[in-house]
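Below is one structure, written out as structure tokens; the observations come after it.
Just so you know, these numbers use all the heavy atoms, side chains as well, and skip hydrogens, waters and symmetry mates. Since we're looking at a predicted model, the values are computed, not measured. Numbering of residues begins at 1 and proceeds along the displayed sequence.
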Amino acid sequence: MSKNREIEAKILLNKSVYDQITAAFPIKSDFTQENYYFDTADDLLKNHQISLRIRIYATHAEQTMKVPDPNPVQKNFHEVIEINDELTHAQAKKLVAEKHFKFTGNIGTYLDKHFANDQKKLRLFTWSKTRRILMNGPQNCELTLDATSYPDNYQDFELEIENTNPALIQTVLTKLEQEYDFEQTSANTNQSKIARASAHQK
């Protein structure tokens, strides 16, 4: 299990800019993950600004929940507390095949503490599949480039810059914006993958 503060800039890109950036920096890792999203029928977690998912990789998996940070350290970028519990590949495949199940581990403990009467109402409601490329970007700051497809075959492209130093995030983002001719707008910044997956169901 891990629990950590996540500070990141998240910007949707057009494919041309995505292709340019992925060709420009050294690749640290390149892999595919399946993302399965959970909530109640009346959007209990969404209404509390919480996201809950199971991520399945080639040989392992994890359950991860992002909750609001009660004591944010900055205001410029997306900031949450992320809680992760490791799962085996077989465990995760079994869980996402079930209609309803009770989350265990540290995420289960959190849900029992805050939503004791509602955990049994959680269900899988949508999914996405992401090719994730981790790159060594400017000033040795890690860049995450995601190409994500959704149930209706829609695909989008996203840059994430996650770092504990908000000033470094801003410096790297400004440099990339200038070099690759894109900019943050309200329409392309901090857009939830869960919301996009919900919008692009079959």
Side-chain angles (χ1 to χ4, degrees), residues 1-10 12 31-73 77-132 144 146-156 158 160 162 164 189-202:
M1 190 280 291
S2 66
K3 181 178 180 180
N4 60 281
R5 173 179 283 114
E6 180 182 87
I7 302 172
E8 63 182 357
K10 296 159 58 77
L12 288 167
F31 56 91
T32 299
Q33 62 186 53
E34 298 172 9
N35 314 291
Y36 297 90
Y37 305 111
F38 297 84
D39 205 341
T40 63
D42 58 355
D43 296 329
L44 175 70
L45 299 185
K46 178 183 177 182
N47 292 336
H48 285 82
Q49 298 179 293
I50 294 172
S51 60
L52 176 60
R53 76 210 67 184
I54 288 177
R55 292 172 173 156
I56 301 179
Y57 306 94
T59 59
H60 67 288
E62 64 181 356
Q63 56 187 24
T64 178
M65 182 165 59
K66 297 184 180 185
V67 304
D69 189 338
N71 300 296
V73 298
F77 302 108
H78 185 250
E79 182 174 345
V80 294
I81 299 297
E82 184 175 80
I83 304 168
N84 295 305
D85 290 303
E86 292 185 4
L87 299 171
T88 67
H89 192 272
Q91 277 179 315
K93 283 291 190 182
K94 182 176 184 295
L95 291 174
V96 300
E98 297 177 2
K99 263 193 173 180
H100 298 279
F101 64 89
K102 181 177 171 61
F103 280 85
T104 58
N106 287 278
I107 288 176
T109 299
Y110 182 99
L111 291 169
D112 284 340
K113 180 179 179 181
H114 296 276
F115 307 106
N117 297 322
D118 297 291
Q119 216 211 123
K120 62 181 180 295
K121 300 177 185 177
L122 292 169
R123 88 284 188 232
L124 172 66
F125 71 97
T126 191
W127 58 270
S128 66
K129 187 173 183 178
T130 300
R131 179 191 176 190
R132 172 159 285 187
T144 300
D146 285 351
T148 301
S149 56
Y150 300 95
D152 65 356
N153 295 318
Y154 179 81
Q155 187 174 41
D156 61 29
E158 187 171 43
E160 297 181 3
E162 181 180 345
T164 56
T189 302
N190 293 338
Q191 300 300 309
S192 163
K193 273 193 180 72
I194 293 181
R196 280 135 60 194
S198 294
H200 291 285
Q201 297 187 63
K202 287 183 178 179

If you measure from CD1 on I81 to OH on Y110, what distance do you get to the nearest 0.5 Å? 10.0 Å
Between H89 and Y57 (judged by ring centroids, cut-off 6.0 Å), do the two rings come close enough to count as a pair? no
Among T148, T126, D152, find the one that has a side-chain hydrogen bond (donor to acceptor under 3.5 Å, both in side chains) with H200. D152
State the CG-CG distance between D118 and L44, to the nearest 0.5 angstrom. 5.0 Å
Are any non-hydrogen side-chain atoms of F38 and L95 less than 4.5 angstrom apart? no
If you define the side chain from C-beta out and look only at heavy atoms, does anything of I7 sit under 4.5 Å from V73? yes
Report, as yes or no, whether the 6.0 Å neighbourhood of atom NZ on K94 holds more than 12 heavy atoms from other residues, nucleotides or ligands. no
Taking the side chain as everything from C-beta on, heavy atoms only, tell me whether N84 gets closer than 4.5 Å to K3. no
SB check D156 K193 (cutoff 4.0 Å): no
If you measure from the Lys or Arg side-chain nitrogens to the Asp or Glu carboxylate oxygens, is any gap between E34 and K93 under 4.0 Å? yes
Nearest heavy-atom contact between F77 and A9 is CD2-CB, 3.8 Å
Would you name the heavy atoms of P151 and K202 that are closest together and state the gap between them? O-CE, 2.8 Å
Does the side chain of I50 reach to within under 4.5 Å of the side chain of H114, using non-hydrogen atoms? no
Among E82, R5, E6, which residue satisfies the side chain to side chain contact (heavy atoms under 4.5 Å, CB included) criterion with D69? R5
Check ion pair E62-R53 (N to O, under 4.0 angstrom): no
Between I56 and A61, what is the shortest heavy-atom contact and its length? CA-CB, 4.0 Å
State, yes or no, whether a side-chain contact exists between L122 and Q119 at a heavy-atom distance under 4.5 Å. yes
Closer than 3.5 angstrom, by distance alone: can the side chain of T104 be matched with the main-chain N or O of G108 as a donor-acceptor pair? no
Any salt bridge linking E79 with K66? Criterion: basic side-chain nitrogen under 4.0 Å from a carboxylate oxygen. no
Is D39 salt-bridged to K121, going by a charged N under 4.0 Å from an acidic O? no
Could you give me the CA-CA distance, side-chain angles and deciding distance for F115 and H48, then say whether side-chain contact (heavy atoms from CB on, under 4.5 Å) is met? CA-CA 11 Å; F115 307 106; H48 285 82; 3.8 Å; yes
If I take atom NZ from residue K129 and atom CG from residue N35, how far apart are they, to the nearest 0.5 angstrom? 10.5 Å
Does some side-chain heavy atom of Q91 sit less than 4.5 Å from a side-chain heavy atom of H60? no
Check for a donor-acceptor pair, side chain of E98 on one end and backbone N or O of V96 on the other, with a separation under 3.5 Å. no
Does this structure show an ion pair linking R132 with D146, if we count only N-O contacts that are shorter than 4.0 Å? yes
What's the spacing between L52 CG and L111 CG if we round to 0.5 Å? 6.0 Å
Spacing of CE belonging to M65 relative to CD1 belonging to I83, to within rounding of 0.5 Å: 4.0 Å
Are the side chains of R196 and Y150 in touch, meaning some heavy atoms are under 4.5 Å apart? yes
Side chains of Y37 and S198: closer than 4.5 Å at any heavy-atom pair? no
CG-CZ distance between L87 and R55, expressed to the nearest 0.5 angstrom: 12.0 Å
